[in-house]
> 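My questions all concern the structure below.
Note that the structure is a prediction, hence the values are computed from the model and not measured. Along the sequence shown, the residues carry numbers beginning at 1.
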Amino acid sequence: MNYIIEKLILNALKLPCRWQQNLAGFVARELRTNVKNIAGYEIISSSIDSRRGTPKLLLKLQVETYSPIPGLTPATSEELAALKTPFPELPETTLRNPIVIGTGPAGISAAYLLALAGCEPIILDRGETVENRLADYQKFLSSRKLDEESNLLIGEGGAGTFSDGKLYTGTKDWRGRFLKELWVQCGAPKEILYQSRPHIGSDILPQVCANLRKKVIEKGGIFRFKANVTELLIRSNRCHGVKLASGEIIEAPAVIFAPGLGGRELVRKVCKNAAWELKFFQTGCRIEHPQSIIDRAMYHLPQRPAALGAAEYHIVSRAEIGNVSSFCMCPGGTVVNASAWENRSITNGMSCFERAGEFANSCLITTVDPAQYGSAAELFNQVEALEKAIFEHGGRDYTFPAQDAAAFLAGKAGLNNVKNSCHTGIVPGRLDLILPDFVTEPLQMAVRNFDRNIPGFLKYGKLIGAESLVSSPIRILRDSITMENPQLPGLFPAGEGCGLAGGIVSAGCDGLRVAEALIRR
């Protein structure tokens, strides 16, 4: 018999570190049956409630028993079916060798579905495989010489490979579950299937990316790394393929364009022929605290309970001068330099699956109205000027300028909290003067507001560098049905780099939608 437990509440203070090993006993107690009657169970969802009093784990489960339980109504076949992930029914297609530009979440998801349909996609990435990316990043840390074609932004898996692999999203699209199940098959922790704020971890993600590549190859996909697309092949106002930096021309019946946020130069070139528009975008500054400060504030306890992971937060400050919210929060994580361009510095955060580091970091972002810019060129020029300024003020070796949050708020120099997690290090800097006013002023108000919700946010926080690759300021347009660009048929924009998604899951879902439309065309 199958039953659904809508809410199993567990006191986090009374649970051991590996509480999942004792879950059968908790399930039996909830159902008022013997543990020997439990044939199996599956966690459908889990979350932490630490808003009031003792932190609690809230679980929803599907439970199978050997014999019926008196007084309880078994789950219906419809209820059980609703828990299963639908699989896209793909029609037969004669489409062969479409090009996919980029191996980030949007590109690789599109490539996987195309390969499933027998389309034998050609996947192009200007960077290296994920294994080589890791080696090149270590070389960068030791030499401080950046490889513009292989770094934390460019290469297999895109930027998300080294930013913790956070998978929480507001989308209810079934494709999100489909992707998570695929990632678990490729080595991701099974917890991502049910946690309310799941993550894979930067220590596990590289292997997931490599395994997913192998799956696509097994199904007929063709990967080409170090294949830098410099322009589209256009004839009769239609995209017919791509041109590489080597001069090679690759013709194709369709091109899925998923360059990621690191494909800034290519996006600007594509916009000369494709329909696009400026859009609101986000920029901000990374802030770091001791993880113990965040644990105490979020769990309302002197120490983190053994059963709970490093605490995280999501906070919002609303004001007339600009809203600010936390983004890409990395509990127990590190701050990294994710620049893809020489002589520029861009922050990002990463953490391993266990999130066992001493520090927590997140990006505080504010939304920028593109109407204040006269053109796309002016907008990009200012973003790049900020990246160069951060590089200069950090000492020209990819070290970040940093400033205590209290000093930032007061508008004065100060960096007393010198201990940090940053791979490339920090030096004192006046971020309140380096950042544009439309970023500095909302952030100053926000850190004061956030200190009311998280005691110690101001006292123990330090702001590090600037984060200019949160979202794209440009949206490449597409038809809602065909998914083609209305001005350049044959081009199928997708993902974050085209301003059509935000985050790993939403970008992956976007890639699947584009591939579905192309297959059904």
Side-chain angles (χ1 to χ4, degrees), residues 97-115 119-137 140 146-163 165 183 186 205-233 239 241-250 252 254-267 269-270 338-341 469 472 491-498 501 504 507-508 510-512 514-515:
N97 302 132
I99 287 173
V100 178
I101 300 175
T103 60
I108 196 63
S109 299
Y112 177 74
L113 201 63
L114 290 169
C119 298
E120 300 175 357
I122 300 171
I123 305 102
L124 307 176
D125 196 299
R126 63 183 277 197
E128 289 276 6
T129 63
V130 71
E131 297 92 341
N132 290 339
R133 282 182 76 189
L134 281 168
D136 290 337
Y137 179 62
F140 162 67
L146 182 70
D147 183 343
E148 291 189 329
E149 303 302 322
S150 183
N151 46 66
L152 293 192
L153 191 61
I154 302 298
E156 185 177 20
T161 307
F162 300 104
S163 65
W183 296 331
C186 293
L205 257 169
Q207 191 58 54
V208 174
C209 291
N211 289 339
L212 183 50
R213 181 210 319 150
K214 293 172 185 176
K215 276 185 172 290
V216 175
I217 291 173
E218 288 170 2
K219 298 181 186 305
I222 303 162
F223 282 85
R224 291 187 58 181
F225 292 96
K226 296 194 287 186
N228 188 2
V229 176
T230 54
E231 56 183 296
L232 302 178
L233 181 63
C239 181
V242 300
K243 296 180 182 179
L244 303 184
S246 63
E248 181 183 357
I249 291 175
I250 306 175
V255 174
I256 293 181
F257 186 54
L261 293 171
R264 187 184 287 171
E265 294 91 347
L266 186 56
V267 167
K269 286 184 180 180
V270 167
S339 178
W341 301 278
L469 285 171
S472 173
L491 182 72
F492 295 75
E496 286 189 89
C498 295
I504 292 174
D510 196 58
L512 289 178
V514 171

> Side chains of Lys243 and Leu232: does their closest heavy-atom pair fall under 4.5 Å?
no

> Heavy atoms only: give me the nearest Cys186-Lys215 pair and the separation to one decimal.
SG-CD, 3.7 Å

> Please round to the nearest 0.5 Å and tell me the distance separating atom CG of Leu114 and atom SG of Cys119.
5.0 Å

> At what distance, to the nearest 0.5 angstrom, does CG of Leu146 lie from OH of Tyr137?
10.5 Å

> Only one of Pro493, Ser472, Cys498 forms a side chain to side chain contact (heavy atoms under 4.5 Å, CB included) with Pro259, so which one is it?
Cys498

> Please name the pair of heavy atoms, one in Gly107 and one in Ala258, separated by the smallest distance, quoted to 0.1 Å.
N-CB, 3.7 Å

> Does Arg264 reach the side chain of Leu469, with side-chain heavy atoms less than 4.5 Å apart?
yes

> Are the side chains of Phe223 and Ile122 in touch, meaning some heavy atoms are under 4.5 Å apart?
no

> To the nearest 0.5 Å, how far apart are OH in Tyr112 and CG in Leu212?
8.0 Å

> Count the heavy atoms of every other residue, nucleotide or ligand shown that sit under 6.0 Å from NZ of Lys226, and state whether that count exceeds 12.
no

> Is any side-chain heavy atom of Ile256 closer than 4.5 Å to a side-chain heavy atom of Ile99?
no

> Going by the rule side-chain contact (heavy atoms from CB on, under 4.5 Å), which residues pair with Ala340 if we only count those two or more places apart in sequence or in a different chain?
Asn151, Leu153, Ile154

> Decide yes or no on side chain to side chain contact (heavy atoms under 4.5 Å, CB included) for Val229 and Phe257, but give the supporting numbers first.
CA-CA 10 Å; Val229 176; Phe257 186 54; over 6 Å; no

> Sequence neighbours excluded, which residues qualify as side-chain hydrogen bond (donor to acceptor under 3.5 Å, both in side chains) partners of Glu248?
Arg224

> Does some side-chain heavy atom of Ile222 sit less than 4.5 Å from a side-chain heavy atom of Ile123?
no

> Flag the pair Leu233 / Val242 as yes when at least one side-chain heavy-atom distance between them is below 4.5 Å, and no otherwise.
no

> Where do Pro121 and Ala111 come nearest, in terms of heavy atoms and distance?
CG-O, 3.6 Å

> For residues Thr103 and Asp125, report the shortest heavy-atom separation together with the two atoms involved.
OG1-OD2, 2.5 Å

> Quick check: does any side chain N or O of Asn97 sit under 3.5 Å from a backbone N or O of Glu120, one acting as donor and the other as acceptor?
yes

> Do the side chains of Glu231 and Lys269 get close enough for a salt bridge, i.e. N-O under 4.0 angstrom?
no

> Report yes if the side chains of Leu491 and Val270 come closer than 4.5 Å at any heavy-atom pair, otherwise no.
yes

> Got a sec, which residues hit side-chain hydrogen bond (donor to acceptor under 3.5 Å, both in side chains) with Glu131, two or more places apart in sequence or on another chain?
Thr129, Arg213

> Please round to the nearest 0.5 Å and tell me the distance separating atom CG of Leu512 and atom CD1 of Ile108.
11.0 Å

> Using every non-hydrogen atom in the two residues, find where Val267 and Gly497 come nearest and quote the distance to one decimal.
CG2-O, 3.7 Å

> Which heavy-atom pair separates Gly495 from Ala106 by the least distance, and what is that distance?
CA-CB, 3.7 Å

> Supply the atom-to-atom distance Asp510 CG to Ser109 OG, rounded to the nearest 0.5 angstrom.
9.5 Å

> What's the spacing between Asp147 CG and Asn132 CG if we round to 0.5 Å?
10.5 Å

> Do Glu149 and Phe225 come close enough that some side-chain heavy atom pair is under 4.5 Å?
no

